[in-house]
Structures are given as structure tokens and as C-alpha cells.
Amino acid sequence: MNAEKRRQIFGRLRDANPSPTTELVYRTPFELLIAVILSAQATDKSVNKATAGLFAAASTPEAILALGEDGLKTHVRTIGLFNSKAKNIMKTCAMLVSEHDGEVPRNRQALEALPGVGRKTANVILNTAFGEPTIAVDTHIFRVANRTRLAPGATPLAVEQKLLRHVPKEFRKDAHHWLILHGRYVCIARKPRCESCLISDLCEHPDKLSASPG
DNA sequence: AACTCGGGGCA
DNA sequence: TGCCCAGAGTT
């Protein structure tokens, strides 16, 4: 795919989603960090419900440490993988206080050193909280990249690196949001809405409903 | 690369 | 009911 074609593709995705935004509820980088840690293998709706009462009660690492793990669990509605997530959140809050002055660090190495934070979560924080042009490859983006042969790769890291190489610079900062929204609402896992797909000319997936390229 | 943790949302 | 979810950590 040449550069002009790529520019067209991301232009279409941008026009379909004019205002990139996360659907997780948060007000600060710290709240986003907690929300994203909780979001592993869970939907954003589940996370929003789970955290509905939490940030009003505790919105800083110090406040969550003061709650303790049991107290944290009383303020967070149960969610998948909750035991490990709660433990990781407590450890992460402790590290934020002891090593980062209670602030969310802005560099990848420090973020990934936090328990419960891997490459994907670090990319979300860097992009959404700090405005850096990272691409967090979640299950949606991984699916879109491979179905459409936009950036086929065996691992999320491979997909991320291809996207970073191939996304035109003027689209790079918001590409993450457009791709994930496309995956969530159009290129759905089970029943893709191919009739609404603006990039079906790239699709090589067997589930593709409409025939053929534009 | 494969496996495990896991309850909620949704068709 | 079965599939899927803004994954990370371990083996």
C-alpha cells in the first residue's frame, strides 16, 4: 500500500470519528491509569460501572493506599480478574508515591515497571493522558489490522510497529482512537457491520459480507 | 508461544 | 448460553 492510499484510508477513518475520545470515565492521568489497569479483558462499560464510586472516595495514590486493599474492593464493583487487579493497583500506588512523587510518570520505561501495566496500558496513558503519538494495540485494533491487512502481524507488538511505520504522520496521534472505534462499532468481532465499513476495499477477511473493493 | 486469571456485557 | 472484552504475568 503506498503512502497516498494510506492517507486516504486514515482520512476516511478520521471523517467517521471526528472527535477522538476514550469512553473510559476519568479526570486525571492517575484516574485513567487505574481505569485502564481495571480494563484488562473487560469492557469499558464494566470499568465505568466498577469505578463509579471509587474516584469520588479516592482519586490519588495516597488516598487509595489509605483505603487498603480491602477498602479498595469495597469501593470498586467486582470485575473480571479483580483479585490480581486489586493487588496490582495497591502495588502501583505504592510505587507512584515512593518513586514518582505521587505522579503518573510520562515515560514508557517507568510506566511499564508499574505492576499491572504492560506495553498496551503504557501506550494508552502516553497517548490519552500525555498526547504522545503511540498506538495501543488492544483486541479491536489487532483484529482490524489483521482482517484488513492494514498491518498484519502475529503479535500485538508486531502490529504496533507496522502501524507506527505506516500511519502517515499527520494521522499518527489520533490513529489509535480511530482504529479502536472502527473495531468496536464497525469491524466487530462476531458480526461485523460491513455495510457501514469505510475501508472495505482493504478487507481480506473471510467474514467480509459485501463483495468487493472500491 | 501457550497458559492462567474471571466476572460482566451482550446477542 | 457461548463468545468477547481498551491484557499482564508466568512458565
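Computed from a predicted structure; not experimentally measured.
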Q.
Test side chain to side chain contact (heavy atoms under 4.5 Å, CB included) on A:Arg193 and A:Ile188; report intermediate values, then the result.
A. CA-CA 7 Å; A:Arg193 297 176 181 165; A:Ile188 301 167; 3.7 Å; yes

(Q) Any base atoms under 4.0 Å from A:Thr22, or only sugar-phosphate, or nothing? Heavy atoms, all strands. (A) base

**Q.** Over 12 foreign heavy atoms within 6.0 Å of CG, A:Asn2
**A.** yes

Q. Tell me, do A:Asn123 and A:Ile135 make a side-chain contact under 4.5 Å, heavy atoms counted?
A. no

Q: Between A:Thr21 and A:Leu114, just flag the one whose closest nucleotide in DNA chain C comes earlier from the 5' side.
A: A:Thr21

Q) With a non-hydrogen cut-off below 4.0 angstrom, is A:Val117 in contact with a base, only sugar-phosphate, or nothing? A) sugar-phosphate

(Q) Between A:Arg106 and A:Glu132, is there a side-chain heavy-atom distance shorter than 4.5 Å? (A) yes

Q) Under 4.0 angstrom, heavy atoms only, what part of the nucleic acid is A:Leu24 near: base, sugar-phosphate, or nothing? A) base

Q) From the 5' end of DNA chain C to its 3' end, which nucleotides mark the outer limits of contact with chain A, defined by a 4.0 Å heavy-atom distance cut-off (strictly under)? A) C:dG2 to C:dG9

**Q.** Min side-chain heavy-atom separation A:Leu164-A:Arg172 under 4.5 Å
**A.** yes

Q. What is the nucleic acid contact for A:Pro115, judged by heavy atoms within less than 4.0 Å: base, sugar-phosphate only, or nothing?
A. sugar-phosphate

Q) If we take the C1' atom in both C:dC4 and B:dC5, what is their distance in whole Å? A) 16 Å

Q | Any A:Glu31 side-chain heavy atom under 4.5 Å of A:Val25 side chain | A | no

Q. Are A:Lys5 and A:Asp201 within salt-bridge range, i.e. N to O under 4.0 Å?
A. yes

Q. Say you pick atom C1' in B:dA2 and the same atom in C:dA6; how far apart are they, in whole Å?
A. 23 Å

(Q) Can you confirm whether A:Val104 sits close enough to A:His100 that some side-chain heavy atom of one is under 4.5 Å from a side-chain heavy atom of the other? (A) no

Q) What interatomic distance, in whole Å, is found between P of B:dG6 and the corresponding atom of C:dT11? A) 15 Å

Q) Does the side chain of A:Arg119 come within less than 4.5 Å of A:Arg108's, by heavy atoms? A) yes

Q. Which letter, B, S or -, goes with each nucleotide of nucleotides 2-11 of chain B from 5' to 3', with contact meaning a protein heavy atom under 4.0 Å?
A. ---BBBSBS-

